[in-house]
Structure formats: structure tokens, C-alpha cells
Q: 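Handing you this structure, nothing more for now.
Letters A, B, ... are given to chains in the order of the sequence lines, protein chains preceding strands, and every chain is numbered from 1.
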Protein chains: 2
Amino acid sequence: MTTSTPARRLGTTDSQSRTRLLDAAERLLVEEGYAAVTSRRVAAEAGLKPQLVHYYFRTMDDLFAETFRRRAEANLERFERAVAADGSLHTLWRLSTDARGAVFTTEFVALANHRKAIRAEIARYAERFRTVQLAALAAAMDARGVSEHMPPEVAQLLMTGLGQIMALEGALGVTTGHDAAVAYVDAAIARLEGDG
Amino acid sequence: MTTSTPARRLGTTDSQSRTRLLDAAERLLVEEGYAAVTSRRVAAEAGLKPQLVHYYFRTMDDLFAETFRRRAEANLERFERAVAADGSLHTLWRLSTDARGAVFTTEFVALANHRKAIRAEIARYAERFRTVQLAALAAAMDARGVSEHMPPEVAQLLMTGLGQIMALEGALGVTTGHDAAVAYVDAAIARLEGDG
DNA sequence: GTCTATACTTCGATAGAC
DNA sequence: GTCTATCGAAGTATAGAC
């Protein structure tokens, strides 16, 4: 059984060139923004011919979607592994302040704004991530008996929002209050983790 | 006295065409993302010829910078006017949850990531806004005597981060916990504003 | 299965006409 | 002071050679 719409052939998923193109796309995206991710630049970054982008990924939208999917999946696995090893509030907070992850997220949200094909993909992942994150946070908060003071969903948004904005501002070189915020959260967590 | 580098002539700042181009650029930016802001599309949106973009703004970077500057200035004025009329915590919180403002910010932060010329402009404005916002927040918190429980700079980041992430997620259709977060913050503020 | 030759479109920018 | 004619570079994508 073949594809229903035979349009044009595509390269295999396990090809080395394909992986290099994905790596190149991700690098460009994070370092120079989504507008820098063009077929020509991606190919140059990967040391390949521009046309190969269209051989392995029919359209640029497909390349974007696949780049996102691959990183999103890796992030989710990394999160779950880290939490499985140590589900403390401290770990959850540390995972919220990863700068590279925040840049990646911002870039894709901006991208979703003008590439409707990517939008659904990103929204689906966002929901998924939020679900596992909320479960982990709720568990950690319940263990400390603080879920009554603040609903875990609210704590989740505060924590994620804080991490996101510090990463965003950090990329701009604006860091007013960042140290104070980190110190404040660290102290609050230490207090909670302390009186078990 | 003329310009030191006479490169090429530019249209006047008060031209109507110029204003229409800026309006068009801003509309495209917010509605379709920065990659949609091309000389041709901006001109079409404004009902003008593409070359006029380069007449009124030498380069696309100049157009972006001017679009940002104009909106940033307006935002700052709007903020200061609102706070002057009512500097309550409620007002400050409401101003942090403006969706259109957040989309604008996100788009420009992503843009700054790959247009170094814009970056400095954005960073400068970010600092400026944060300064007046912090002053207003510190005043409001001092008036309620809550600055001891949480440094205003920390409250500022939490508030801004929460507003930002809700706007970001809202644009994607992800709204888990948003209502709960708004209710939580509203209740907290009501409690504080209540016992004057 | 892998890649190249090539078509067609849109981009930013400048020089010069009105 | 305002706008048009036009260029060269870069963009996505396809058909077909190896």
C-alpha cells in the first residue's frame, strides 16, 4: 500500500542528511530566529544543497513542524526523566528557568502566529507538557501540604511565567530584579522543603 | 546644516503616507507575525507602492525600529496616564494582562533575536518601562504595607510573567488554569485593597 | 534511494523621473 | 518633496538525472 496522494517522493526518515538538516534548522532557529530558517540557509548550515530540504521535507512548513516535534519530544522526555529522579519543588523550579528552552518556545509561538499549519502542533504539545508538569507540581505541593494555600495550576502559571520572562529579558540583556526573584523563590522553596 | 552621510533623501516625518505605512506595518506584525512585514506587503496593506517604504524608511530595519518606537511610546504614555488616574494594584494588574500588548512584545523579542539593529532599541524601552512600572508598583505596595513580605521587583516579575504567559498561551488556545490564576490574583488584591 | 538542474516568485534597495 | 522604473539577490518548489 502506497501513499494516497503520490505527489512526490520523499527521503527516508533515518537518513543522515535529514538529521543534519533538522539540526541545522534548530540551530538557526534558536540563534537567529525563525526568519533565518530558509531552505538556502538551512542547507548551507548543514553543508548540503538547498533542494535537499524539499526532498526530505516537502515544504518549509513540514521542516518547521518536524523540527519542533523532535525538540518537543526530547524536552518532554528530559522533563519526565528529571522528575522521576527527583520530583522536588527545587527540580521543577530549575526546569522552568532553562533559557534555551524559553527561546525555543518564544520563537515557535511567534512562528505559530503566521504559520497556521504549525499552530495546532504547538498547541497540542503545550497542553501535553502542561499536563505532566501540573501532575508533578501538584504531587510535590501535596507532599508539602501547600496545595491549600495556592492551587497548583496557579503556582504552575506563576512559575512558568517567571521563568519565561527572565529568559526573554535575559536574551535582551535586561536583568533588573532577576537575582532577587531567584533568591526569593529559592528561599521560599527551601523553607517548604525544610519543614517536612 | 544637512545630514553628514547624504546617502539618499527621505520623506518628511509628518507625511500621511508615512503614517499609513507605519499603521500597516503594525497591523501586519500583530496579525501575521514579523515575517509578514515585507516592503511589498506593507505597501499593499497601506494602498501604496512598495518603493515608498524605502523612500520614507531607508531600510526595513528602520521601518521596524520606527514601528516599535511609536507603539512603545504610546504604551508608555497609556501606562502612565492610567496609573496617574488610579495607581491601585488592581490597575497595575489589569495593565499586565493586555493581550494585544503581549503579542506585540513577543513578536518584537523574537524579532530582536535576529535583527541586531532592533535589539538595542527594544532593550532600552524594556528598561524604561520596567522602571516606571516598578515605581508605580512599589508605591502601591508600600501604601498597603506589603513591601516587606515580597520585594516589589519580585512582585513585578511575577505579575508581568503571569500576564505574558497567559497572553502567549491564549493566542494558542491553551487556557488551562488561566481563570483560576486571575481569580487568585483578584482575590489577593481585593484582600489587600480591602484592609487599608 | 539520493541528489541536481532549473522554473518561477518575491524580496530589499537604488537611481532617476516628475 | 513625492513617487516610479528597474535590478540583482534570495525565496520556495518541482521535474527529472543518477
Q: In whole angstrom, what separates B:Arg58's CZ from C:dA13's P?
A: 10 Å
Q: Residues two or more places apart in sequence or in another chain: which of them pass side-chain hydrogen bond (donor to acceptor under 3.5 Å, both in side chains) with B:Glu80?
A: none
Q: Scan residues 179-190 of chain B for pairs that pass salt bridge (Lys or Arg N to Asp or Glu O under 4.0 Å), counting only residues two or more places apart or in two chains.
A: none
Q: Report all interatomic pairs (protein N or O, nucleotide N or O of nucleotides 7-11 of chain C) with separations under 3.5 Å.
A:
from	atom 1	to	atom 2	distance (Å)
C:dC11	OP1	B:Thr38	OG1	3.0
C:dC11	N4	B:Arg40	NH1	3.4
C:dC11	N4	B:Arg40	NH2	3.3

Q: Quantified as the angle between the terminal helix axes (five pairs each), what is the overall bend of the helix from C:dG1-D:dC18 to C:dC18-D:dG1 to 10 degrees?
A: 0°
Q: Can you run down the side-chain hydrogen bond (donor to acceptor under 3.5 Å, both in side chains) pairs that involve residues 145-154 of chain A, sequence neighbours left out, and say none if there aren't any?
A: A:Asp142-A:Ser147
Q: Report the residues that fulfil ring-ring contact (aromatic ring centres under 6.0 Å, His included) with A:Phe79, sequence neighbours left out, ordered by chain and then residue number.
A: A:Phe129
Q: Is the shortest side-chain N to carboxylate O distance from A:Glu169 to B:Arg130 below 4.0 Å?
A: yes
Q: Could you check which residues of residues 43-53 of chain A get a heavy atom under 4.0 Å from DNA chain C? Sort them by number, please.
A: A:Lys49, A:Gln51, A:Leu52
Q: Would you mind checking if B:Glu66 and B:Arg69 are paired as a salt bridge, meaning a charged N to carboxylate O distance below 4.0 Å?
A: yes
Q: Could I get the full list of salt bridge (charged side-chain N to carboxylate O under 4.0 Å, His left out) partners for A:Arg78, not counting sequence neighbours?
A: A:Asp98
Q: Rounding to an integer number of Å, can you tell me how far A:Phe57 CZ sits from C:dT2 C1'?
A: 14 Å
Q: Does A:Phe68 have any ring-ring contact (aromatic ring centres under 6.0 Å, His included) partners at least two apart in sequence or in another chain, and if so, which?
A: A:Phe108, A:Tyr125
Q: Under a 4.0 Å threshold between the charged nitrogen and the carboxylate oxygen, would A:Arg20 count as salt-bridged to A:Glu45?
A: no
Q: Take the protein atom CG of A:Asp61 and the nucleotide atom P of D:dG11, then report the distance between them rounded to whole Å.
A: 16 Å
Q: Are A:Arg124 and A:Glu121 ion-paired here, with the side-chain N under 4.0 Å from a carboxylate O?
A: yes
Q: Specify the separation, in whole Å, of atom NE2 of A:His54 and atom P of D:dG11.
A: 10 Å
Q: Any salt bridge between A:Asp23 and A:Arg18, counting N to O under 4.0 Å?
A: no
Q: Check whether any side-chain N or O of B:Thr12 sits under 4.0 Å from OP1 or OP2 of D:dT2, and answer yes or no.
A: yes
Q: Holding to side-chain contact (heavy atoms from CB on, under 4.5 Å), I want the full list of residues that pass it with A:Arg115, two or more places apart in sequence or in another chain.
A: A:Met60, A:Asp61, A:Phe64, A:Leu111, A:Ile118
Q: Report yes if at least one side-chain N or O of B:Tyr55 is closer than 4.0 Å to OP1 or OP2 of C:dT14; otherwise report no.
A: no
Q: Identify, residue by residue, the members of residues 16-31 of chain A with a heavy atom below 4.0 Å from DNA chain D, and return them in order of residue number, or none.
A: none
Q: Can you sort out the partners of A:Thr67 under side-chain contact (heavy atoms from CB on, under 4.5 Å), two or more places apart, ordered by chain and number?
A: A:Leu22, A:Ala25, A:Glu26, A:Leu63
Q: If I take atom CG in residue B:Asp62 and atom P in nucleotide C:dG12, what distance separates them, rounded to the nearest angstrom?
A: 13 Å
